[in-house]
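Lettering of chains follows the sequences in order, A, B, ..., and the numbering in each one begins at 1.
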2 protein chains.
Amino acid sequence: MVSRRAPTMRDVALRAGVSTATVSNVLGNRKAVDPELAKRVLEVAAELDYQIDRAASQLRTGRAAVVAIVVPSLDNPFFTGFIAAIERAVQGEGYDIIVSSSNSDEVQERARISAMLSWRPAGLIVVPCSDAFPARSLTDVSGVPVVAVDRIAGVGGISSVSVNNRAAARLAAEHLLGLGHARILVCASSLLLANIRERCDGVRAALAEAGLPAPAIVEVGLTFDIVPAILSPHLISPDRRATGIIALTNTATLGVLSAARDLGLVVPRDLSLVGFDDYAWMIASTPPITAVRQPLDGLGTAAWELLKQRIASPAGEPQRLIFSCQLEVRRSTRSIGPSLAAGPSA
Amino acid sequence: MVSRRAPTMRDVALRAGVSTATVSNVLGNRKAVDPELAKRVLEVAAELDYQIDRAASQLRTGRAAVVAIVVPSLDNPFFTGFIAAIERAVQGEGYDIIVSSSNSDEVQERARISAMLSWRPAGLIVVPCSDAFPARSLTDVSGVPVVAVDRIAGVGGISSVSVNNRAAARLAAEHLLGLGHARILVCASSLLLANIRERCDGVRAALAEAGLPAPAIVEVGLTFDIVPAILSPHLISPDRRATGIIALTNTATLGVLSAARDLGLVVPRDLSLVGFDDYAWMIASTPPITAVRQPLDGLGTAAWELLKQRIASPAGEPQRLIFSCQLEVRRSTRSIGPSLAAGPSA
DNA sequence: GTGAAAGCGCTAACAC
DNA sequence: GTGTTAGCGCTTTCAC
């Protein structure tokens, strides 16, 4: 296969015996064109497998049919699920997505956003890797519409979509409380993240209302493999350890599961577990994991809708959309029995 | 925030008191420029947060610093892991990725590739959704370098990277055989996919060499939720059912796990399971799942290397790279005990 | 070593 | 309803 040049609009025009303007009008159905001519143009275009050159089109119009997405990681199903939802949403409206990972690093985040902006995208959807979102300034100068997602605490004045983290965590806590658990441990990824802090608050509030002391909160980091080492000390003492654990992210959930197993603790017999996020493996797991489900698809769709609003009227008021989460009760949580509540006395 | 125009090279040139040619030369460090001038240009560029307009740059040079990626699904961690690996590889070489999902549909695949091509990307990496890869013709006419990944059976004459599926499956089968299993069931996603058929062949070959009859092969589809219903009939009869199952994809692995649980079968006591692909949940699972690990990162890196070769010399010989997989022995497989081998007789 | 100017492929005025 | 033409922001000769 010889490397060849893609056909241009001029090629199509020549072959169809019309001007490039007419080709452009037909292909972009912009102005009325004689049906006969239009047909011929379309035929020739198909024949040549003509594809418009978006760089040229964009340069001329100033509009780009692409939305840039920046997330902290492409190895986390939460973020890729979110991207998948956006891709579904922008499909059919003729937009493509260009995606990039900040590797949970502010410096890289800034660099990636900067690179994305050089495409002059129609808009930018970003899951900031920190509350501060320092790269925000970049988007201000470029004038590209932005929607921030998920970690939006410190982010004022721009559209955002997120989840009611307090309520979500409260759901988990109240479920455990309702089952009779009083010693509850919270397994948090990083307390540097406002959404995680909000989830902690939600648990705290629920416990406080129930007249219980504040929960222990353990910070386990962003990757799953180190969790067991960090968590073990909190799980060894049979009479002091928590009976219920709330894991605040999918990674933390995985970590709790393997920590428990390493310690010979059986879920839910020895330990009730509520996870966060909702994936196939949680359902296939034995036992299936009770979890707080974030409406990934809704978040993606909403991010795109909000972005479209900003694109249509950049001067309009930024919107904040907050979704609720749902608790999926499965089998990793159980009502606390006498053996757990009061030791072997009963 | 008022919508504003991004600064152009002209803005930088004016402000720095030089020509746009000089700015271009400095920023692209293309030609030697007086250090004094260069410094000033850089300063002004930073001051204005100047970002080159890639559409304009690309239109002029004909080269685009973007690689297009098309995969069957963005909801499958195998594909997103692969994308993550590519993203890591192209980072730092100044390339961005634009990604798209074919939803495992040939028609959509063609449409998506066609759309990708209109960006005139430096190259295209595609995981075809079928062996035929009918959209290939598109890439031929556009002259965009292509690398096909994973499902490459019917794909001749282009560079490709894949895995030795026969050998991989053989690894799984021989492991089970070594543990004393003789009744082995293969849980395949779709036999329409050549890579899946190759994996079946691998299992078959291993069993044949061991003098055993061919394994039962059950086709369970591409999504996880329907697997239990399809699999159950094969797992009910205690004395006729397989003692070892090989699940040929991560989705199939999940399906087997939940089917077994629904039937009250305990892994590995009642059933040994070897999965495919290797994810965090397999390690966190109880028991941890023995699995054939595909070198995702290697596949991604290799795809990019091969693509770079094609970009550098489009007329060169296409390369085919084939990776081997590794068996991660964990605890979902066990040596077959008397109770399983011969019923309760021992 | 620097600048002037042409032109990449397209679209939007504008003329006809 | 169609064609001519200017020009989007950049890179790349080509003069100087």
Side-chain angles (χ1 to χ4, degrees), chain A residues 4-42 44-45 48-66 94 117-122 142-144, chain B residues 4-42 44-45 48-66 94 117-122 142-144:
Chain A
R4 70 184 79 182
R5 210 182 100 277
T8 70
M9 197 169 265
R10 191 152 186 285
D11 296 329
V12 177
L14 251 32
R15 189 124 159 201
V18 297
S19 73
T20 59
T22 298
V23 175
S24 179
N25 283 329
V26 171
L27 263 30
N29 47 23
R30 235 176 304 272
K31 276 171 80 173
V33 173
D34 179 285
E36 201 55 43
L37 280 191
K39 183 160 163 287
R40 196 149 85 239
V41 167
L42 257 9
V44 172
L48 297 181
D49 270 316
Y50 171 74
Q51 270 295 334
I52 199 171
D53 184 321
R54 297 177 92 127
S57 170
Q58 164 171 351
L59 179 56
R60 179 59 233 243
T61 60
R63 281 181 298 276
V66 58
L117 290 176
S118 73
W119 290 103
R120 309 284 186 265
S142 68
V144 171
Chain B
R4 69 183 84 184
R5 211 180 99 275
T8 72
M9 195 170 265
R10 190 151 186 284
D11 297 329
V12 177
L14 251 32
R15 188 125 162 199
V18 297
S19 72
T20 59
T22 298
V23 176
S24 179
N25 283 329
V26 171
L27 263 29
N29 47 20
R30 237 176 304 270
K31 275 170 81 172
V33 173
D34 179 284
E36 200 54 44
L37 279 191
K39 181 160 164 288
R40 197 151 82 239
V41 167
L42 257 10
V44 172
L48 297 182
D49 269 318
Y50 171 74
Q51 270 296 331
I52 199 170
D53 184 321
R54 297 177 92 127
S57 169
Q58 165 173 349
L59 178 58
R60 179 61 233 243
T61 60
R63 283 182 299 275
V66 59
L117 256 18
S118 71
W119 290 104
R120 308 286 184 265
S142 69
V144 170

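Residues from residues 49-63 of chain A that place a heavy atom under 4.0 Å from any atom of DNA chain D, listed by number: A/Leu59, A/Arg60. Residues from residues 22-36 of chain A that place a heavy atom under 4.0 Å from any atom of DNA chain C, listed by number: A/Ser24, A/Arg30, A/Lys31.
Applying the side-chain contact (heavy atoms from CB on, under 4.5 Å) test to B/Ala122 and every residue at least two apart in sequence or in another chain returns B/Tyr95, B/Ile311. Listed by chain and number, the residues in a salt bridge (charged side-chain N to carboxylate O under 4.0 Å, His left out) with A/Lys31 amount to none (sequence neighbours excluded).
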Per-pair distances, 0.1 Å, donor-acceptor, side chain in residues 55-64 of chain A, under 3.5 Å, sequence neighbours excluded:
{"from": "A/Gln58", "atom 1": "NE2", "to": "A/Trp119", "atom 2": "O", "distance (Å)": "2.6"}
{"from": "A/Thr61", "atom 1": "OG1", "to": "A/Ser57", "atom 2": "O", "distance (Å)": "3.0"}
{"from": "A/Thr61", "atom 1": "OG1", "to": "A/Arg63", "atom 2": "N", "distance (Å)": "3.1"}
{"from": "A/Thr61", "atom 1": "OG1", "to": "A/Arg63", "atom 2": "O", "distance (Å)": "3.3"}

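Open room surrounds CZ on B/Arg10; 12 or fewer heavy atoms of other groups in view lie less than 6.0 Å from it.
Residues A/Thr20 and A/Ala13 approach most closely at N-CB, 3.7 Å, considering heavy atoms. B/Ala6 approaches B/Asp11 most closely through the heavy-atom pair O-OD2, 4.4 Å. Heavy atoms only, all atoms of each residue included: A/Tyr50 and A/Thr8 are closest at CE1-C, 3.4 Å. When every heavy atom of B/Ile52 is checked against every heavy atom of A/Ser118, the shortest pair comes out as O-CB, 3.1 Å.
Atom P of nucleotide D/dC8 and atom CH2 of A/Trp119 are separated by 21 Å, given to the nearest angstrom.
B/Lys39 and B/Asp34 are not joined by a salt bridge, as no carboxylate oxygen comes within less than 4.0 angstrom of a charged side-chain nitrogen.
With values rounded to the nearest 0.5 angstrom, A/Met9 atom CE is found 4.5 Å from A/Ser24 atom OG.
When DNA chain C is scanned 5' to 3' for any atom under 4.0 Å from a heavy atom of chain B, the first and last hits are C/dG1 to C/dG9.
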